[in-house]
Participant: 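My structure is below; once you've seen it, I'll send some questions.
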Amino acid sequence: MADTDAGASGADMGRGAGSRSGSDSGTGGAGSARVGTNSPAALREVARIAEERGFGEARGVHVLGGGDVGCVSVGLALLLLIPGVGILIGPYGTVATTVAIALLAVAVALPFIAFRYEAHRDNRIPRLHVLDGGMIITHPTRITAYAWPQIRVVERVDSVAIGQGGSSQNFYRLQLFEVGGDVLCSMGQAFDTVTIVRLAIAGGARTS
């Protein structure tokens with residue numbers, strides 16, 4: 001799962017480490033897509049799983065991906081607003097006035113549409129819940145839980161060339177793998193990776 005770099009209720013929880021290292025609480029059925037990752041139902045299920053697994057105190061929630069569409073839309077709206085007002089009050093003809101009105105209409109509607117989209121999208125972006133005893137990831141249609149001994153922590157630094165002068169910039173990434181499996185989530189420097197690594201290692205996560 002990328003940072004974007006990253007689900008029937010407790011019926012599947014009993015599988016535990018017997019069938020796979022992490023437990024998967026699915027919501028199942030046609031209604032599963034409506035559960036979301038940050039809905040009250042999803043948060044109640046996270047709390048239930050954490051208590052059932054004995055994960056202890058919650059230490060943070062990290063949004064795995066997305067971006068601020070709302071702020072981008074406001075900036076774009078301002079770019080449309082300025083020429084729209086300028087054309088509208090200027091000594092231009094009917095066609096120019098029509099164009100100006102169209103620009104102003106888009107400028108007014110764009111933030112509203114974007115924020116509505118953002119609110120809907122927000123509930124579909126995976127979230128990493130970090131606890132003393134493990135981690136829980138909420139996906140749009142399922143919830144997966146892992147005790148720290150079931151996790152392998154990988155810290156890496158990638159060097160990227162900048163410009164033509166031969167200079168480079170280092171980018172830190174934290175990747176959390178299921179032991180013996182694939183990467184579960186990946187995070188960059190914007191996340192509180194220090195706390196995540198500290199909790200993971202203290203809880204028994206592997207580092208190699």
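Along the sequence shown, residues are numbered consecutively beginning with 1. Values below: all heavy atoms of this structure, side chains included; hydrogens, waters and symmetry mates excluded.
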Participant: Could you go through Asp192 and Val130, starting from their C-alpha distance and side-chain angles, then the distance that decides it, and tell me whether this counts as side-chain contact (heavy atoms from CB on, under 4.5 Å)?
Facilitator: CA-CA 11 Å; Asp192 184 11; Val130 180; over 6 Å; no
Participant: Mind checking the CZ-CG spacing from Arg59 to Leu199? Nearest 0.5 Å is all I need.
Facilitator: 6.5 Å
Participant: Using 0.5 Å steps for rounding, measure from the NE2 atom of His139 to the CZ atom of Arg127.
Facilitator: 12.5 Å
Participant: How long is the straight-line distance from CG of Leu176 back to CD of Glu155, given to the nearest 0.5 Å?
Facilitator: 9.5 Å
Participant: Could you check whether any side-chain N or O of Thr138 sits under 3.5 Å from a backbone N or O of Thr37, counting only pairs where one atom can act as donor and the other as acceptor?
Facilitator: yes
Participant: Kindly work out whether a path of hydrophobic side-chain contacts (I/L/V/M/F/W/Y, heavy atoms less than 4.5 Å apart) joins Val157 to Ile196.
Facilitator: yes
Participant: Would you check if the side chain of Trp148 reaches a backbone N or O of Asp132 as a donor-acceptor pair within less than 3.5 Å?
Facilitator: yes
Participant: Starting from Ile136, can I reach Val61 by hopping between I/L/V/M/F/W/Y residues whose side chains sit under 4.5 Å apart?
Facilitator: no
Participant: Quick check for you: to the nearest 0.5 Å, what is the distance between His62 atom NE2 and Leu174 atom CG?
Facilitator: 9.5 Å
Participant: Ignoring hydrogens, what is the shortest heavy-atom contact between Ala145 and Phe55? Give both atom names and the distance.
Facilitator: CB-CE1, 4.1 Å
Participant: Can you measure from CZ (Arg152) to CG (Leu184) and round to the nearest 0.5 angstrom?
Facilitator: 10.5 Å
Participant: Give me the one residue out of Val153, Val154, Ile151 that meets side-chain contact (heavy atoms from CB on, under 4.5 Å) with Phe177.
Facilitator: Val154
Participant: Are Ile49 and Leu43 co-members of a hydrophobic cluster defined by side-chain heavy atoms under 4.5 Å apart?
Facilitator: no
Participant: Not counting sequence neighbours, which residues clear side chain to side chain contact (heavy atoms under 4.5 Å, CB included) with Asp182? List them please.
Facilitator: none
Participant: Rounded to the nearest 0.5 Å, how far apart are CG of Leu128 and CE of Met135?
Facilitator: 5.5 Å
Participant: Closest heavy-atom contact between Val179 and Pro149?
Facilitator: CG2-O, 3.8 Å
